[in-house]
> 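Mind having a look at this structure? Questions to follow.
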Amino acid sequence: MASKVKQITVWARGVVQDKEGRDIANGLANAAKKEGKFTQAFDNYVDLPDRVNVPLRKYARISDEEIEERYEYENEKPEVVIVADATLVKGINVLRGMEKGGVLVVNTDRKPEDILKFIPNRDLLKAIVCVDAKGICGEATVDFSGSEGGVDAVGLGAGMAAPILGALVRGTNLVKLENLAAVVKNKEALYKGHEQAVVKTL
Amino acid sequence: MAKEMVLSGCAASAQAAKMAKVEVICSYPIRPYTALMMELAKMVANGELDAEFIYGEGEHAQLSVVLGASAAGARVLTGSSGVGVTYAFETYSPIAGGRVPVQMMIADRALDPPGDFGSEHTDAMSCRDQGWLMGWAENPQEAFDNCLINYRVGEDHRVLLPQFVCQDGYFVSHIPGKVLLPDQSQVDEFLPPYTLPHPLDPKHPVSHGPQIRPDQGTIMDLQRAQAHLDAPAVIKEAIADFNRIFGRDYSPFVEEYMTDDAEMAFFIMGAHTMTARHAIKHLRSQGVKIGLVKLRFVRPWPTQEVAEALSKFKAVGVVETSTSYGGAMRGGNLLHEVRASLYDLPKRPLTTSFMAGLGGEMVPLKEFYYMADILSEMIKDGKAKKTVYWVGFEAEA
Amino acid sequence: MAVAVKTQNLPLIKKIRNIPREEYYVPGHRTCAGCGPALQYKLVAKAAGPNTIFLGPTGCMYVANASYLCTPYRVPWMHTQITNGGAVASGVEAAYQVLIRKGKREGELPNVIVMAGDGGSVDIGLQAMSAMMYRNHDALFVCYDNEAYANTGIQTSPTTPYGANTTFTPPGPAIPEGKKLFPKDPPQLVIGGHPAVKYVATASVAYPVDLMNKVRKALNVQGPTFLHIHAPCPKGWKFNESKTVEIAKLAIQTGMWILYEWENGEYKYQHKPREYKPVREYMKLQGRFAHLQEAHIAKMQAFVDAKLKAPGIPVAVPAPPPRAQA
Amino acid sequence: MFIIPKEKEVPLGCITPAPVTEQTMMITGNWREYRPVIDQEKCNLCMNCIVYCPDACWQLNEAEDEVVWNAKYCKGCLICVNECTTEALSKAYELDFEDGVVRLEKPF
């Protein structure tokens, strides 16, 4: 994979966070597109059909040049990893493939230290961002209209994805907050996530 | 002692299945293969054959029933024709991929529309790329023999593939011919009892066919490809044993007739091979140096044997009894594979194809004379004018 | 000399305490957390025991269980196409009949069980299921009913209830109730037209002892049998995965599901409530019904009221208007 | 004749061994957000958790006369907590425990 393509991997739980996970990837890609970038966002096909609670991956890619690896369907080297449910860090090596200097964004009401103790390869990170997305906008939205290649009918970032995207801007320079605000439905939650996120630089 | 009888292809196939001690049979009526099942039903009713005779609710079910039975460890037989063959299409790939060696007798029939009941190879040929063994019989005797040969090859643990054992509908399936019925002891010597490496057996539980990831998909394809690479050696072994035990002289893949000094040849399979032989005999008497190469297995395709057999001619006419609408040759299926087989040769014969006998229409001697004329013309011109001639329908006679 | 084919006789289970300990559907499968179909699979496999062969038509109980080269089935299992569970089972059973008769296999005839979803039973799989019943194969056909094509992402099936939101029946201004049709009745399809069938029952994951005994009764019968098992689907019905059993119980308490046995022409009922709760109680816990208006719920109540009279009595369902008028 | 990488191997005909007590190729303990916690004092062995678990993650230890939880496969659906007749079971957040770490490289 050409180094100019930034890979972002989202980890979420099946069904209950399927839409939220997809919204995070789509939100990032749509916002980056507004900044004139070449982008891509897609489900990991092997993780589908998703089952309640199963760990699953959603991917986004952002690049200054045309993405040539459009059909390579796994992000092998993510620079940014987003964990939509904090307990996933106990079950999955979420930093798999990351090179030194990456960023981890976690949806949790706990402190960065509480999460980091479950991440044995935390030396790969330059920063961790924690945000209590559930606290900001309640439970995740379960909706299947955007699954299996369908077009989402509820609205991108109507739920938990919005504050997580807001928090992401605090730890990375992937996209600008105002561009996310232009594509996300629940703007209030986006800004709250941005404000309330806890960043720890490592 | 072998017993000489006069049997249709359907009846001959039924006799072969009986001598193979088939254990589960699944029927569904469609012309012209139906008599195969009629004969087997009589044998079961009369107590001559100890088998479960299941009335399938359609061809898809026929294949499904024998899949289950074969996976459980029973030798099985089913069969069909025409649209019945294509109705069951979904089942062909899982059966081959799961390496369950069921046998299906196909008595060819044209596909609809409209309801033409004549013979045409398109039904079976449409299914040729699913991983099954596939070949045609010229007469009831060969139909009988191919049943046994295919069981032996398909069930061999080096192969483990299902088998389409084909015969031309009506011509072979209905017109009786001489059949030498061997002794049961000969059949038993040739065909060992059926065993599967991992049958469905509660004493040794296994799972058949869990899902795989896309990146493992190629491996499943590779397994079937490998089986078709391994099958030829097993076929050669089986044919050698067959010839020794039953006193026949089959070649495993291609059989030649009057080819020693021939300048041109027909490439053909199935029923009309017989007429072609007679045509050649008459043409020879008029000094035309023509011969014939008959194909016994379409899958695995004997690339090398076809290349060797055909390379010695100046012109080859491929007689096609199946259609490939819009295909590279604008006609049938065989010329694609023949030309591909010849491609790497330093010197290739001129080739063309003849659509003959589609829909089950007759292919009389005079049509072969017409084809021979075209081949002579090709040699004279040093080139083939076109890749396909629709025999009997060409504007220039 | 032919060997006589012997069949098993599985004893009935008296109390929850007597449920066998052994698992034949073991942990380690990719079904949803709180999966109703997985729960019934576990119970069916436990009841059937080791001398069993499962046939698994495509559906969640194939794809989720057999994800990526491993399966949770401790007994022999084979995938079948979604179309042909009944036919493949017929072949397996026939093979065992002849193999045991010829002395090639020893022991009692194995339990041959098709574990099919509602689509694999009474939609695309109906033909093969019906033929298995007609041909008198000694096999059990289980329809685990989660009321949708769940594996492909929740599309309507013939047993999806009226008013359910599935990805093929989304509610919208033109079609406010989502699904307009009323469901097929699988056990009645079997009972109504298959003289060889002597035992049909409905069961629910809410009543595991009842379910397991029905499995054993069905397996003890020589000949084809059918079980229709209610298996709530947290994903497709949109409820919290901890409520699978609670919802299954509510289905029975509201009359949305009726537990009965049909044995040699006689109906017997189990766990019949003295008084039925309104269907609303059942529906309000499920996101798939969240869009419905009062009139739709009333329509569902009327359907259930009519159905509760007795199984087999035709229920008048409001037919959709002809397309030209709609 | 062909080289097949180990991770892509598929047995002939895709016929795989049946598991015996658990399918170790599909560990699902990493699915949990919450886990059930048992108070053995309150448990009256009603068996509900055992029969209602879709993943067979509760078993009876006959010797000790108590129910035992299988952390390796429990997906955290909490049907057991919901169906417990004596409130012996309660839910607890997974990050409050040091144990139960699976940490697979891939989801399956």
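FYI, side chains are in, hydrogens and waters are out, and symmetry mates aren't considered; it's all heavy atoms of this structure.
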> Should Lys102(C) and Glu23(B) be marked as a side chain to side chain contact (heavy atoms under 4.5 Å, CB included) after you check the CA-CA gap, both sets of side-chain angles, and the distance that decides it?
CA-CA 10 Å; Lys102(C) 288 186 171 181; Glu23(B) 288 160 325; 3.3 Å; yes
> For Ile54(B) and His137(C), run side chain to side chain contact (heavy atoms under 4.5 Å, CB included): C-alpha distance rounded to whole Å, both residues' side-chain angles, the deciding distance at 0.1 Å, then the answer.
CA-CA 10 Å; Ile54(B) 313 286; His137(C) 292 281; 3.6 Å; yes
> Measure distances from Ser70(B) to the heavy atoms of chain C and classify the residue's part below 4.5 Å as side chain, backbone, both or neither.
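For Ser70(B), there is no contact with chain C at all, as no heavy atom is under 4.5 Å.
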> Any side-chain heavy atom of Pro202(B) within less than 4.5 Å of one from Tyr96(C)?
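Pro202(B) reaches Tyr96(C) side chain to side chain.
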> Which residues from residues 60-67 of chain C are near chain B, with near meaning under 4.5 Å between non-hydrogen atoms?
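So the qualifying residues are Tyr62(C), Val63(C), Ala66(C), Ser67(C).
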> Determine which residues belonging to residues 191-200 of chain C lie within contact range of chain B, meaning some heavy atom pair is under 4.5 Å apart, and list them by number or answer 'none'.
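Residues of residues 191-200 of chain C touching chain B at under 4.5 Å: none.
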> Start with the C-alpha gap between Lys203(B) and Glu106(C), add the side-chain angles, then the distance that decides, and say whether salt bridge (Lys or Arg N to Asp or Glu O under 4.0 Å) holds.
CA-CA 10 Å; Lys203(B) 292 189 182 74; Glu106(C) 285 171 357; over 6 Å; no
> Please report the C-alpha distance between Val65(B) and Val88(C) in whole Å, then the side-chain angles of each, then the deciding distance to 0.1 Å, and finally whether the side chain to side chain contact (heavy atoms under 4.5 Å, CB included) criterion is met.
CA-CA 5 Å; Val65(B) 166; Val88(C) 177; over 6 Å; no
> Should we count CZ of Arg213(B) as having more than 12 external heavy atoms under 6.0 Å?
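Enclosed: over 12 neighbouring heavy atoms sit under 6.0 Å from CZ of Arg213(B).
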> Given a strict heavy-atom distance threshold of 4.5 Å, which part of Pro193(B) is in contact with chain C: side chain, backbone, both, or neither?
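Neither part.
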> Using a 4.5 Å cut-off on heavy atoms from C-beta on, say whether the side chain of Pro210(B) contacts that of Thr71(C).
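Thr71(C) vs Pro210(B): side chains touch.
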> With no hydrogens and no angle check, do the side chains of Thr83(C) and Glu90(B) hold a donor and an acceptor under 3.5 Å apart?
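There is such a pair between these side chains.
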> When rounded to the nearest 0.5 angstrom, what is the spacing between CG in Leu200(B) and OG1 in Thr52(C)?
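One gets 12.5 Å once the value is rounded to the nearest 0.5 Å.
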> Does any non-hydrogen side-chain atom of Met78(C) lie less than 4.5 Å from one of Val206(B)?
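Result no, sub-4.5 Å side-chain heavy-atom pair not found.
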> Verify the neighbour count for atom CZ of Phe117(B): are there more than 12 heavy atoms of other residues, nucleotides or ligands below 6.0 Å?
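For Phe117(B), atom CZ is not crowded (no more than 12 foreign heavy atoms under 6.0 Å).
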> Just so I know, are the side chains of Pro94(B) and Gln81(C) near enough to count as touching, which here means a heavy-atom distance under 4.5 Å?
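In short, these two side chains touch, coming nearer than 4.5 Å.
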> Measuring heavy-atom distances to chain C, does Gln62(B) have an atom under 4.5 Å in its side chain, in its backbone, in both, or in neither?
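Interface part for Gln62(B): neither.
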> Which value, rounded to the nearest 0.5 Å, describes the distance between Asn84(C) atom CG and Leu63(B) atom CG?
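Atom-to-atom, Asn84(C):CG and Leu63(B):CG are 9.5 Å apart.
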> To the closest 0.5 Å, what do you measure between OH (Tyr68(C)) and CD (Gln211(B))?
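Tyr68(C) OH to Gln211(B) CD: 6.5 Å, rounded to 0.5 Å.
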> Would you mind checking if Glu57(B) and Arg135(C) are paired as a salt bridge, meaning a charged N to carboxylate O distance below 4.0 Å?
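The answer is yes: the pair qualifies as a salt bridge.
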> Which atoms of Arg74(C) come close to chain B, meaning under 4.5 Å heavy atom to heavy atom: side chain ones, backbone ones, both, or neither?
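Answer is backbone: N, CA, C or O of Arg74(C) sit under 4.5 Å from chain B.
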> With respect to chain C, which residue among Ala74(B), Ala61(B), Ser207(B) yields the maximal number of heavy-atom pairs within a distance under 4.5 Å?
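If we count pairs closer than 4.5 Å to chain C, Ser207(B) comes out on top.
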> Among Thr80(C), Leu69(C), Val75(C), which has the most heavy-atom pairs under 4.5 Å with chain B?
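Among the listed options, the one with the most contacts to chain B is Leu69(C).
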> For the pair Arg101(C) and Glu52(B), evaluate side chain to side chain contact (heavy atoms under 4.5 Å, CB included) and give the outcome as yes or no after the intermediate values.
CA-CA 11 Å; Arg101(C) 188 165 75 224; Glu52(B) 292 287 308; 2.7 Å; yes
> Name the option with the most non-hydrogen atom pairs under 4.5 Å to chain B; the candidates are Lys104(C), Met132(C), Gln97(C), Arg105(C).
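It is Arg105(C).
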